[in-house]
Amino acid sequence: MPDPATVVVERVAELVARLYPAATDGLDLAVRPSEHADAQVNVAMGLAKRVGRKPRDVAEDLVAQLHLAGVCSAVEVAGPGFLNLTYENDYLAELLHAAANDPHLGVHQATTTETVLIDYSAPNVAKEMHVGHLRSTVIGDALVRMSEAVGHRVIRENHVGDWGTPFGMLIEHLIDLGEVDAARELSVGDLDGFYKQARQKFEASPPFQERARARVVLLQGGDTDTIRLWRLLVAESSRYFDTVYRKLGVRLTSDDLQGESAYNDALPTVVERLRRANLLETSNGAEVVFPPGFTNRDNAPLPLIIRKQDGGYNYATTDLACVIDRVERLGATLMLYVVGMPQAQHLSMIETVATAAGWLKPPFRMVHVSFGNVLGSDRKMLKSRVGDAVKLVELLDEAVSRADASIAEKSPELPTADRANVARMIGIGAVKYADLSNDRVKDYVFDWDRMLSFDGNTAPYLQYAHARICSIFRRWGRSRVEVRGVMPTIAHQKERALALWLLQYDSAVWDALERHSPHRLCTYLYELSTRYTAFYEHCPVLKAETDELRESRLALCDLSARILEHGLQLLGIESPEQM
RNA sequence: GCCCCUGUAGCUCAAUUGGAGAGAGCGACGGACUUCUAAUCCGUAGGUUGCAGGUUCGAUUCCUGCCGGGGGCGCCA
């Protein structure tokens with residue numbers, strides 16, 4: 001409702017349906033932002049083709065009969081047949097006032113509430129979290145927040161790697177260290193060292209290998225003491241993951257853990273149900289499904305392996321059990337898999353098989369929210385000096401200390417106690433925003449200087465715009481809530497540009513959500529900041545000529561700040577009031 | 001060999017699913033601080049959107065074929 005375009009779309013749709021009832025389906029009725037006017041409608045061109053008339057003539061007809069009194073002050077035909085709209089200033093003011101008094105700041109709520117399950121982060125138990133987990137965690141978190149913001153029911157799932165052959169070696173290593181010492185080492189977060197030591201022993205010592213293999217058998221057999229040790233590994237790792245998630249500022253907690261092991265009991269059922277669905281075949285002693293459309297190197301059908309020759313299950317089986325669980329137990333209509341690009345084929349096969357088996361059918365659907373890599377300045381996968389993966393905690397700590405140094409230099413008057421907190425918001429925000437603001441399907445180059453810059457499409461720039469608004473209200477000295485009753489007057493060109501953009505927040509949030517692309521929201525917020533700053537430069541607020549004008553501009557400031565803060569919050573980024 | 005992703009200003013990235021002279025930031029050049037936070041703003045220069053065709057009123061976007069980069073292709077997850 002707060003987007004003036006929605007009214008126009010309705011009116012245009014009515015008119016077109018009345019004038020050309022036979023040519024309406026699939027027509028592009030969208031009202032888009034325009035460089036040549038406040039908005040544009042492109043329906044005349046598409047219509048002209050269907051009814052065999054000149055686009056400009058169709059456009060003229062539409063303009064003549066379109067009733068937009070009180071909404072648009074002008075509707076003109078331009079170019080090949082564009083309808084250029086200019087909105088009525090009073091109408092914009094009404095919508096701004098409505099948005100300012102809406103708890104969702106104008107973002108309309110979902111008409112059908114879905115249960116959205118978001119599968120993201122997915123670190124491995126007893127292994128360090130590194131840059132490779134950054135994108136999944138940060139993008140997934142943003143999708144969680146955006147989905148909740150429009151009223152969906154959201155289920156977070158952290159599909160951690162907590163099962164498989166490496167656990168034989170990890171448990172034996174834990175026994176060697178002694179439970180107490182091992183737990184201590186794991187809880188301080190030296191998962192990297194723990195895993196590497198275990199691996200090293202495994203590779204160097206044949207007796208250790210034997211023990212590890214035997215331990216896997218015990219683990220799979222449910223041996224109580226082995227299970228107890230395994231739980232210790234999982235619990236300590238989970239505790240560590242929680243510290244990383246808190247530092248990153250994402251919603252995930254240990255309550256969201258849904259490890260691979262959770263599906264162990266369901267695996268035989270998966271096999272049974274596939275067999276009953278007549279999908280199961282035997283190939284080289286393994287039980288497999290051949291989903292149509294997938295081939296291997298030799299152009300032969302490519303199987304999804306359900307049960308290996310040795311009788312063990314594969315990750316495909318777990319993933320299928322997972323789909324069943326999510327659909328049948330949790331009732332998740334939309335499942336988002338925030339998983340890297342390399343898994344595209346695997347997930348596509350899972351989807352095909354789950355559909356063929358009848359487990360996945362409308363309204364239930366799964367979407368692979370894939371993403372590219374984080375690159376170093378050499379355009380290769382980001383690595384540390386010594387060549388291994390960069391630890392996530394170290395990356396975050398460096399971001400905070402860099403931000404802190406920058407604040408110390410630029411705002412020495414800020415008390416040190418506040419500075420630490422602001423540095424955290426800026427540093428963490430910069431890392432997350434750098435990740436989220438890039439189109440997720442592409443790789444991006446990690447660059448400290450650029451992401452921490454106060455110029456350009458960065459978190460600090462948006463945060464700075466927000467902080468400046470807060471500063472105005474501090475000087476004003478009265479409560480911000482007071483201006484929410486004000487009906488703003490739109491007069492200055494910069495006020496108008498800002499107002500139009502503020503009213504786009506609704507569509508920006510939905511656009512980002514529907515494409516599962518947080519970077520679209522980033523682009524919106526960046527544009528909002530630049531428009532706000534232009535307004536700030538040209539339109540004095542506290543020094544405005546009249547009280548009315550001051551209040552009107554304060555109202556614009558208030559809504560701008562709230563949308564900035566709200567939008568950043570949807571991305572999981574905090575907005576300091578001073579910086 | 002087959003399949004998927006990708007290629008846009010010197011650099012880093014956008015472009016509202018096919019819309020009007022392809023937009024930002026950085027860097028370069030030229031301007032604006034007795035300030036509501038100059039950590040900012042304004043202006044100028046910079047392009048055959050990898051190449052070649054095709055589809056149509058209109059293509060960075062869709063189709064075909066090449067070229068370059070990344071990834072995947074039966075018992076790891």
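Chain letters run A, B, ... following the sequence lines, proteins first, then strands; residues in each count from 1. Since the model is a prediction, treat every value here as computed from it, not as a measurement.
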Q: Base, sugar-phosphate or nothing for A/Cys470? Non-hydrogen atoms, less than 4.0 Å.
A: nothing

Q: Can you give one letter per nucleotide of nucleotides 7-15 of chain B, 5' to 3': B if a protein heavy atom sits under 4.0 Å from the base, S if only from the sugar-phosphate, - if neither?
A: S----SSSS

Q: Output the rounded distance in Å from CG (A/Asp404) to P (B/A39).
A: 18 Å

Q: The criterion is side chain to side chain donor-acceptor pair (under 3.5 Å); which residues satisfy it with A/Asn373, sequence neighbours excluded?
A: none

Q: Are A/Arg468 and A/Tyr536 in a cation-pi contact, defined as NZ or CZ under 6.0 Å from the six-membered ring centre and within 45° of the axis?
A: yes

Q: Take atom P in B/C4 and the same atom in B/C66, then report the distance between them in whole Å.
A: 13 Å

Q: With sugar-phosphate meaning primed atoms plus P, OP1 and OP2, does A/Tyr526 contact a base, only sugar-phosphate, or nothing at under 4.0 Å between heavy atoms?
A: sugar-phosphate

Q: When rounded to the nearest Å, what value does the distance between P atoms of B/U8 and B/C13 take?
A: 9 Å

Q: How would RNA chain B look in dot-bracket form, 5' to 3', counting Watson-Crick and G-U wobble pairs with both distances under 3.5 Å and writing | for bases paired to another strand?
A: (((((((..((((.....[...)))).(((((.......))))).....(((((..]....))))))))))))....

Q: Pull out every residue in residues 427-434 of chain A that has a heavy atom closer than 4.0 Å to any atom of RNA chain B, ordered by number, or say none.
A: none

Q: For A/Phe294 and A/Thr352, what are the C-alpha separation, side-chain angles and deciding distance, and is it a side-chain contact (heavy atoms from CB on, under 4.5 Å)?
A: CA-CA 10 Å; A/Phe294 296 89; A/Thr352 304; 3.7 Å; yes

Q: Which is it for B/U17, anti or syn, if anything within 90° of zero counts as syn?
A: syn

Q: At under 4.0 Å between heavy atoms, how does the protein contact nucleotides 72-77 of chain B? Give one character per nucleotide, 5' to 3', with B, S or -.
A: SBBBSB

Q: Can you tabulate the close N/O pairs, meaning under 3.5 Å, that link protein atoms to atoms of nucleotides 19-22 of chain B?
A:
{"unit_1": "B/G19", "atom_1": "O2'", "unit_2": "A/Gln40", "atom_2": "NE2", "d": "2.9"}
{"unit_1": "B/A20", "atom_1": "O2'", "unit_2": "A/His36", "atom_2": "NE2", "d": "3.2"}
{"unit_1": "B/A20", "atom_1": "N7", "unit_2": "A/Gln40", "atom_2": "OE1", "d": "2.6"}
{"unit_1": "B/A20", "atom_1": "N6", "unit_2": "A/Gln40", "atom_2": "OE1", "d": "3.1"}
{"unit_1": "B/A20", "atom_1": "N6", "unit_2": "A/Asn84", "atom_2": "OD1", "d": "2.1"}
{"unit_1": "B/A20", "atom_1": "N6", "unit_2": "A/Asn84", "atom_2": "ND2", "d": "3.2"}
{"unit_1": "B/A20", "atom_1": "N1", "unit_2": "A/Asn84", "atom_2": "ND2", "d": "3.3"}
{"unit_1": "B/G21", "atom_1": "N2", "unit_2": "A/His36", "atom_2": "NE2", "d": "3.3"}

Q: Classify A/Pro460 by what it touches in the nucleic acid, base, sugar-phosphate, or nothing, heavy-atom distance under 4.0 Å.
A: nothing

Q: Ignoring hydrogens, what is the shortest heavy-atom contact between A/Leu568 and A/Ser575? Give both atom names and the distance.
A: CD1-OG, 3.4 Å

Q: For the C1' atoms, the ones on B/C76 and on B/G23, what distance do you get once it is rounded to whole angstrom?
A: 45 Å

Q: Of all residues at least two apart in sequence or in a different chain, which pass the side chain to side chain donor-acceptor pair (under 3.5 Å) check with A/Ser261?
A: A/Asp162

Q: Specify the separation, in whole Å, of atom CD of A/Glu537 and atom C1' of B/C33.
A: 10 Å

Q: Among B/C57, B/U17, B/G70, find the nucleotide with the atom closest to the side chain of A/Lys49.
A: B/C57

Q: Have a look at A/Tyr526 and tell me which of A/Tyr464, A/Tyr433, A/Tyr461 forms a ring-ring contact (aromatic ring centres under 6.0 Å, His included) with it.
A: A/Tyr461

Q: Would you call A/Lys432-A/Asp435 a salt bridge at under 4.0 Å N-O?
A: no

Q: Anything under 30° is parallel, anything over 60° is perpendicular, the rest tilted; go ahead and classify A/Trp510 against A/His108.
A: parallel

Q: If you draw a 6.0 Å radius around CD in A/Glu203, do more than 12 non-hydrogen atoms from other residues or ligands fall strictly inside?
A: yes

Q: Answer yes when A/Arg379 and A/Asp443 have at least one side-chain N-carboxylate O distance shorter than 4.0 Å, and no when they do not.
A: no

Q: Only counting residues at least two apart or in another chain, list the ones meeting side chain to side chain donor-acceptor pair (under 3.5 Å) with A/Ser552.
A: A/Thr489

Q: With rounding to the closest Å, how many angstrom separate the P atoms on B/A59 and B/A20?
A: 10 Å

Q: Taking the side chain from A/His133 and the backbone from A/His130, do they hold a donor-acceptor pair closer than 3.5 Å?
A: yes

Q: According to side chain to side chain donor-acceptor pair (under 3.5 Å), who are the partners of A/Tyr337, at least two apart in sequence or on a separate chain?
A: A/Arg326

Q: Please work out which of the three classes, parallel, tilted or perpendicular, describes the rings of A/Tyr524 and A/Trp501, given edges at 30° and 60°.
A: parallel

Q: Could you write out each protein N or O paired with an N or O of nucleotides 61-63 of chain B at a distance under 3.5 Å?
A:
none

Q: Taking only residues two or more places apart in sequence, or in another chain, which ones meet A/Ala534 in a side chain to side chain contact (heavy atoms under 4.5 Å, CB included)?
A: A/Lys494

Q: Kindly assign one of parallel, tilted or perpendicular to the pair A/Trp448 and A/Phe446, based on the angle between their ring planes and the thresholds 30° and 60°.
A: perpendicular

Q: Applying salt bridge (charged side-chain N to carboxylate O under 4.0 Å, His left out), can you list everything that pairs with A/Arg531, at least two apart in sequence or on another chain?
A: A/Glu527

Q: Please work out if A/Ala508 contacts a base, only the sugar-phosphate, or nothing of the nucleic acid, heavy-atom cut-off 4.0 Å.
A: nothing

